Amino acid sequence: MISGPLRSLLHKAHGVLLAMNPQVVFVLGGPGAGKGTQCAKIVENYSYTHLSAGDLLREERSRTGSEFGQLIDTYIKDGRIVPVEITINLLKKAMEETMKKDENKFRFLIDGFPRNEDNLQGWTRVMDGKADVKFVLFFNCGNEVCIERCLERGKSSGRTDDNKESLEKRIQTYLQSTRPIIELYEKQGKVRTIDASRSVSEVFADVKSVFDREG
Ligand code: ADP
Ligand code: C5P
Ligand code: MG
């Protein structure tokens, strides 16, 4: 039994360690499964920062002087996964900037990543030992529901990929490239699966129970 000053010291050291190594939850699921919607609700209720790989790529696409704008644009329309060298730098930079501004902000929801083998390898290469992946939050939702939600979103999102043609490709990419990554984490016991086909509040009730337990 450790008590008194030593306990307090260990507690502090533990806090410092946590503060130094970002704690990451990967958020995965098909296009339109509700990743962004649920992440926003997690941020309201728990001390997490939401980083969407897709949002970061769209930002980079429209950044004046970006050398990757055209490439990102083409990949997004085609529903293909951008080479990880680009994405991992955006993610790393966003994490570093967040922690630099506020050292208490070391918990991250990384939404829409890793989406394929290349993403995963890039993460391991750059972030191994520098960040801890706590678990993968998987929003499980049928393809038809996913497509329907994205088409609905497309009425106002202005996204170049919320249309039937791009969506078919995005679903294929999801099935062929992302599902195997989820299965890989599943084998490590790291996946928390949520039935995402229900209403926003029903889905969030399940999300809450995951974060109350281990967030
Ligand atoms: P993702 O980030 O996984 O692509 P979003 O959170 O952007 O998904 O949601 C896609 C669309 O579906 C948005 O228009 C959103 O408002 C809507 N939506 C999200 N969750 C639900 C839900 N549980 N039921 C119905 N519509 C939803
Ligand atoms: O997650 P979101 O739906 O915003 O992603 C939109 C698109 O951004 C994807 O279909 C893909 O073209 C690109 N993307 C990517 N790599 C990621 C995440 C998103 O290439 N890790
Ligand atoms: Mg999203």
Side-chain angles (χ1 to χ4, degrees), residues 24 26-44 50-62 68-92 94 108-124 126-127 136-182 194-208:
V24 169
F26 287 144
V27 181
L28 293 173
K35 301 182 291 296
T37 303
Q38 295 295 328
C39 282
K41 293 179 80 68
I42 296 167
V43 167
E44 279 171 23
H50 175 212
L51 298 178
S52 154
D55 285 349
L56 289 170
L57 286 166
R58 281 183 287 272
E59 223 173 84
E60 176 65 17
R61 175 180 63 180
S62 56
F68 305 120
Q70 189 55 56
L71 181 148
I72 294 172
D73 194 48
T74 309
Y75 271 74
I76 285 183
K77 267 188 212 133
D78 278 347
R80 289 164 61 204
I81 308 303
V82 171
V84 70
E85 286 74 16
I86 297 173
T87 317
I88 197 70
N89 276 331
L90 296 172
L91 282 171
K92 188 163 178 272
F108 295 93
L109 301 167
I110 300 195
D111 160 4
F113 186 96
R115 257 186 161 101
N116 66 2
E117 192 64 42
D118 176 57
N119 272 191
L120 183 56
Q121 281 173 10
W123 173 269
T124 306
V126 176
M127 298 305 290
V136 176
L137 192 60
F138 169 37
F139 290 108
N140 194 13
C141 192
N143 297 338
E144 293 310 316
V145 174
C146 281
I147 292 170
E148 201 45 57
R149 285 183 187 171
C150 287
L151 289 177
E152 190 59 34
R153 180 176 63 189
K155 290 178 186 168
S156 59
S157 67
R159 281 178 56 156
T160 56
D161 59 348
D162 278 345
N163 57 73
K164 253 195 145 76
E165 207 190 356
S166 294
L167 272 162
E168 263 161 37
K169 296 175 182 170
R170 290 164 70 192
I171 293 284
Q172 283 315 310
T173 301
Y174 167 65
L175 295 175
Q176 284 166 15
S177 307
T178 310
R179 288 303 294 246
I181 303 300
I182 297 168
I194 310 274
D195 173 4
S197 64
R198 299 162 301 158
S199 72
V200 171
S201 58
E202 282 172 313
V203 174
F204 189 61
D206 281 6
V207 169
K208 240 172 158 314

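None of these values were measured; they are calculated from a predicted model. Each ligand, and each atom within it, is numbered from 1 in the order the structure gives.
- Protein residues lining ligand 2, listed by chain and number: A53, G54, L57, R58, Y75, I76, R80, I81, V82, G112, F113, R115, N119, R159, D161, R170 [non-hydrogen atoms, distance under 4.0 Å].
- Checking V24, T87, L120, I81 one by one against F113, the side-chain contact (heavy atoms from CB on, under 4.5 Å) holds for a single residue, T87.
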List of N/O pairs, ligand 1 versus protein, all under 3.5 Å?
unit_1	atom_1	unit_2	atom_2	d
ligand 1	2 (O)	G36	N	3.0
ligand 1	3 (O)	A33	N	3.3
ligand 1	3 (O)	G34	N	3.0
ligand 1	3 (O)	K35	N	2.8
ligand 1	3 (O)	K35	NZ	2.9
ligand 1	4 (O)	G32	N	2.9
ligand 1	4 (O)	R153	NH1	3.1
ligand 1	6 (O)	G36	N	3.4
ligand 1	6 (O)	T37	N	2.8
ligand 1	6 (O)	T37	OG1	2.5
ligand 1	7 (O)	R153	NH1	2.7
ligand 1	8 (O)	G34	N	3.2
ligand 1	23 (N)	R149	NH2	3.4
ligand 1	23 (N)	R198	O	2.8
ligand 1	23 (N)	V200	N	3.3
ligand 1	24 (N)	R149	NH2	3.3

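- Between D162 and the options K155, R149, R170, a salt bridge (charged side-chain N to carboxylate O under 4.0 Å, His left out) holds for only R170.
- Within a 6.0 Å sphere centred on CD of E165, heavy atoms belonging to other residues, nucleotides or ligands number 12 at most.
- The pair D206-R198 meets the salt-bridge criterion, since a charged nitrogen lies less than 4.0 angstrom from a carboxylate oxygen.
- In this structure, the side chain to side chain contact (heavy atoms under 4.5 Å, CB included) partners of E117, at least two apart in sequence or on a different chain, are Q121, I181.
- Taking a 6.0 Å sphere around CD of E85, one finds it holds more than 12 heavy atoms contributed by other residues, nucleotides or ligands.
- Considering only heavy atoms from C-beta on, D111 stays 4.5 Å or farther from L51 through its side chain.
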For residues 69-76, dump all side-chain donor-acceptor pairs below 3.5 Å to protein atoms at least two apart in sequence or in another chain.
unit_1	atom_1	unit_2	atom_2	d
D73	OD1	R61	NH1	3.4
D73	OD2	K77	NZ	3.1
T74	OG1	Q70	O	2.9
Y75	OH	R80	NH2	3.4

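- For the atom pair CD1 (I110) and CG (N119), the distance works out to 11.0 Å, reported to the nearest 0.5 Å.
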